[in-house]
Amino acid sequence: MHRALRNAQTGIYMGVLSNLEPQNVFHFFEEITKIPHGSGNIGQISDYLAGFARDRGLFYMQDPLKNVIIVKEATPGYEKEPPLILQGHMDMVAVKKPDCTIDMEKEGLRVAVRGDEIYAEGTSLGGDDGIAVAYSLALLDSDTIRHPRLEVIITVDEEVGMDGARGIDLSMLQGSRMVNLDSEEEGIFLTSCAGGARVKCNLPLVLTERTGTVMEVTAGGLLGGHSGGEIHKERGNSNLIFGRLLYRLTEKLTVGILQVQGGLADNAIPRETRAQLVIDERDSALFAEIVDAVEAELKGELATKDPGITLKAVKQGQGSCFCVTSGDTRRAAAFLMALPCGVQGMSADVHGLVETSLNLGILKMEKKTVHIEEEDLPGADGTRQQERANLLAEFSVRSSVESAKHALIAKLKAVTMLSGGSNMVTGDYPGWKYRKDSPLRDKMTALYEKMYGKKPKVEAIHAGLECGILGSKLRDLDCVSIGPNMKAIHTTEESLDISSTSRVWEFLVRLLEEKD
């Protein structure tokens, strides 16, 4: 494992990645990891990018959303070549292990090297899509690489609905060819992707004061993963597992929900869900028996797909508290059991491609106090307070068929409505349609074959990319998405392959220097 070292002569700490090649790429990648840049917390990283351009005298635009566009004019001899757009996003899925002390809102990451991979200690790495930013900055910073006019687009909040791509103004760009750098497998050229949306389901619940035993249950030990790239692996979803356990418990016991929290992002398969439930003391033994039985069932079902699954129950104590009524707890359990999740359909045109899916990424309960008018009640005067709660279930919905996407959203709405709740749809974005005639794809394929003696794989993916949205803003956009090998993106096991990063850099440089 490599950590930052102090130069004995200068007293300056050298970067953890300072001895890696290409040096400039890894320098900028490490600089990015020092800046907190989780989705929704992109002010510092956006200002860093603007400062980078300003310090080098490059034209740049930083819009109100904090998207950044940087332009570098063509080097001599490349003025007549078609401009090339490079595109990625500056935000990352910021997740950490339960025992990690890093404040990801305020602190940078602790990057380290293990063999041929880079990772972050206790947190996600942000290789998705920090490496796109690092590649772009390294190209813009170079005085030796020959290239056509470069137009670099770095968007915000891609991971939470592609809000930056949706709001960015691209009218000043000249290019119609774009290399998106938001892929995670070297040697695969992506040429189309699914569209998607975020759906928030809100189930109102009534609270009541109850005296009983508080049990904390934890569904965990799961692998998690990206809800686009890994949904087909049918791994365990901790939020669904909790719903299944809750349903079984309410069949036999009088249960009240005190707290629920599961998952960190709608587009990440949740690895852990914790909940506090209130039961009668006399039911403690049966409670534990049901938890053990459900755990045994799940271990059998997920033995190959997600073998680390665990269900734990710990007694927290006894007392009086406000929890969800037993009737509304049963309703919430039925709601969770009825929700669709996972792969809903496979493509009939592309073998092995998921066509339609959804992921219950976030589950949480929020309590609130409401004021109820009592004027019309006999003998009543004024208002009274009542404790209530909302159970929030947040989904990422994806499909390469627009009508199927909207049908699945309608199903979510129907289940929620029948359960007495409501829905809100945000971040609806179009898919990226395959282009039969693609000069950029042809050029990149020929170059790849020349460099490596084999053809790249040209594929479609189920995960969402910004290409569809940006394509609606740029006339006749010709686009290909590439990237180096990464593992377990959006999780604390995320890693970036060093050798692959170097090879993709070499390919990018050759692509820029290759004239039409």
Side-chain angles (χ1 to χ4, degrees), residues 1-7 11-20 25-52 55 62 65-68 88-114 117-138 154-160 163-164 220 224 226 261-268 270-272 274 361-362 364 486-496 498 501:
M1 181 187 300
H2 298 267
R3 299 177 185 273
L5 300 175
R6 192 169 185 265
N7 186 296
I12 299 173
Y13 278 95
M14 300 171 62
V16 177
L17 312 182
S18 59
N19 63 332
L20 302 181
V25 173
F26 286 114
H27 163 74
F28 284 117
F29 184 77
E30 187 165 1
E31 289 300 299
I32 292 163
T33 67
K34 296 175 183 178
I35 305 170
H37 59 285
S39 300
N41 184 34
I42 44 73
Q44 290 184 62
I45 187 70
S46 178
D47 290 343
Y48 170 82
L49 296 173
F52 167 92
D55 292 346
Q62 184 182 33
L65 293 175
K66 294 290 188 176
N67 294 304
V68 174
H89 60 87
M90 67 183 77
D91 63 310
M92 65 176 284
V93 173
V95 294
K96 64 180 183 178
K97 294 180 179 178
D99 60 349
C100 179
T101 59
I102 293 176
D103 183 347
M104 298 189 77
E105 290 284 320
K106 300 177 181 178
E107 300 177 67
L109 309 178
R110 298 170 188 162
V111 294
V113 176
R114 179 176 53 214
E117 64 182 17
I118 302 167
Y119 69 101
E121 296 177 350
T123 69
S124 48
L125 175 65
D128 176 14
D129 199 20
I131 194 59
V133 180
Y135 280 145
S136 299
L137 296 184
I154 308 294
T155 57
V156 303
D157 295 342
E158 187 269 353
E159 300 290 5
V160 290
D163 298 340
H226 188 284
Q261 180 66 56
L264 298 168
D266 64 281
N267 60 359
R271 304 173 63 183
E272 182 177 279
R274 291 179 179 268
I362 299 175
K364 59 185 177 181
M486 284 182 257
K487 298 177 183 176
I489 62 171
H490 298 184
T491 77
T492 54
E493 278 69 50
E494 180 181 1
S495 65
L496 173 66
I498 296 168
T501 300

**Student:** Working to the nearest 0.5 Å, report the span between CG of Asp91 and OG of Ser46.
**Tutor:** 11.0 Å
**Student:** Could you tell me if the side chain of Pro36 sits less than 4.5 Å from the side chain of Glu107, heavy atoms only?
**Tutor:** no
**Student:** Please report the interatomic distance CG(Leu137) to CD1(Ile32), rounded to the nearest 0.5 Å.
**Tutor:**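 Interatomic distance, Leu137 CG to Ile32 CD1, rounded to 0.5 Å: 5.5 Å.
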**Student:** Indicate whether any N or O donor in one side chain lies under 3.5 Å from an N or O acceptor in the other, for Thr492 and Arg271.
**Tutor:** yes
**Student:** Counting only heavy atoms from other residues, nucleotides and ligands, does the tally under 6.0 Å from NZ of Lys96 exceed 12?
**Tutor:** yes
**Student:** If you look at every heavy atom in Ser124 and Ala94, which pair is closest and at what distance?
**Tutor:** OG-CA, 3.7 Å
**Student:** Please report the closest heavy-atom contact between Ile45 and Ile35, naming both atoms and the distance.
**Tutor:** N-CG2, 3.7 Å
**Student:** Any non-hydrogen side-chain atom of Glu159 less than 4.5 Å from a side-chain atom of His490?
**Tutor:**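 Yes. Closest side-chain heavy atoms under 4.5 Å.
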**Student:** If you define the side chain from C-beta out and look only at heavy atoms, does anything of Glu121 sit under 4.5 Å from Cys100?
**Tutor:** no
**Student:** So, do Val113 and Val16 sit near enough that their side-chain heavy atoms are less than 4.5 Å apart?
**Tutor:** yes
**Student:** Could you state the interatomic distance from CG (Leu109) to OG1 (Thr123), rounded to the nearest 0.5 Å?
**Tutor:**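 Interatomic distance, Leu109 CG to Thr123 OG1, rounded to 0.5 Å: 4.5 Å.
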**Student:** Please report the shortest heavy-atom distance between Asp129 and Gly88, naming the atom on each side.
**Tutor:**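 Shortest heavy-atom contact: OD2-CA, 3.2 Å.
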**Student:** Does Leu65 form a side chain to side chain contact (heavy atoms under 4.5 Å, CB included) with Asp163? I'd like the steps, not just the answer.
**Tutor:** CA-CA 9 Å; Leu65 293 175; Asp163 298 340; over 6 Å; no
**Student:** Looking only at non-hydrogen atoms, find the nearest pair between Pro270 and Gly361 and report the distance.
**Tutor:** CB-O, 3.9 Å
**Student:** Heavy atoms, side chains only, cut-off 4.5 Å: are Arg114 and Tyr119 in contact?
**Tutor:**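 SC-SC contact between Arg114 and Tyr119 confirmed.
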**Student:** Quick one: CD on Glu158 to CG on Asn67, what's the gap to the nearest 0.5 Å?
**Tutor:** 11.5 Å
**Student:** Is there a donor-acceptor contact under 3.5 Å from the side chain of Ser39 to the main chain of Asp157?
**Tutor:**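 Side chain of Ser39 to backbone of Asp157, a donor-acceptor pair under 3.5 Å: no, none is there.
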**Student:** Hey, are Asp47 and Lys66 close enough for a salt bridge, meaning a charged N less than 4.0 Å from a carboxylate O?
**Tutor:**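 Between Lys66 and Asp47 there is a salt bridge, with a charged N closer than 4.0 Å to a carboxylate O.
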**Student:** Please step through side chain to side chain contact (heavy atoms under 4.5 Å, CB included) for the pair Met486 and Glu117, ending with a clear verdict.
**Tutor:** CA-CA 9 Å; Met486 284 182 257; Glu117 64 182 17; over 6 Å; no
**Student:** If we only count heavy atoms from C-beta on, is the Ile498 to Phe26 side-chain gap below 4.5 Å?
**Tutor:** yes
**Student:** Quick one: CD on Glu30 to OG on Ser18, what's the gap to the nearest 0.5 Å?
**Tutor:** 7.0 Å
**Student:** For the backbone of Gly127 and the side chain of Glu494, can you confirm whether one donor and one acceptor N or O come within less than 3.5 Å of each other?
**Tutor:** yes
**Student:** For the residue pair Met90 and Tyr48, establish whether any side-chain heavy-atom pair is separated by less than 4.5 Å.
**Tutor:** no
**Student:** Any chance you could measure Leu496, atom CG, to Ile131, atom CD1, to the nearest 0.5 Å?
**Tutor:**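 Going from the CG atom of Leu496 to the CD1 atom of Ile131 covers 5.0 Å.
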**Student:** Would you sort out whether Glu272 and Gln261 count as a side chain to side chain contact (heavy atoms under 4.5 Å, CB included), showing the intermediate values?
**Tutor:** CA-CA 9 Å; Glu272 182 177 279; Gln261 180 66 56; over 6 Å; no
**Student:** Would you check if there is a donor-acceptor pair between the side chains of Asn267 and His226 at a distance under 3.5 Å?
**Tutor:** no
**Student:** Would Phe29 and Tyr135 count as a ring-ring contact (aromatic ring centres under 6.0 Å, His included) here? Give the steps.
**Tutor:** CA-CA 8 Å; Phe29 184 77; Tyr135 280 145; 9.4 Å; no
**Student:** So, the side chain of Thr491 versus the backbone of Glu493: is there a donor-acceptor pair under 3.5 Å, distance only?
**Tutor:** yes
**Student:** Could you tell me whether the side chains of His89 and Asp128 share a donor-acceptor contact shorter than 3.5 Å?
**Tutor:**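 Yes, Asp128 and His89 have a side-chain donor paired with an acceptor closer than 3.5 Å.
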**Student:** Would you mind reporting whether Ile118 and Leu125 have side-chain heavy atoms less than 4.5 Å apart?
**Tutor:** yes
**Student:** Begin with the C-alpha distance, continue with both residues' side-chain angles, and end with the deciding distance and a verdict on side chain to side chain contact (heavy atoms under 4.5 Å, CB included) for Phe52 and Val133.
**Tutor:** CA-CA 12 Å; Phe52 167 92; Val133 180; over 6 Å; no
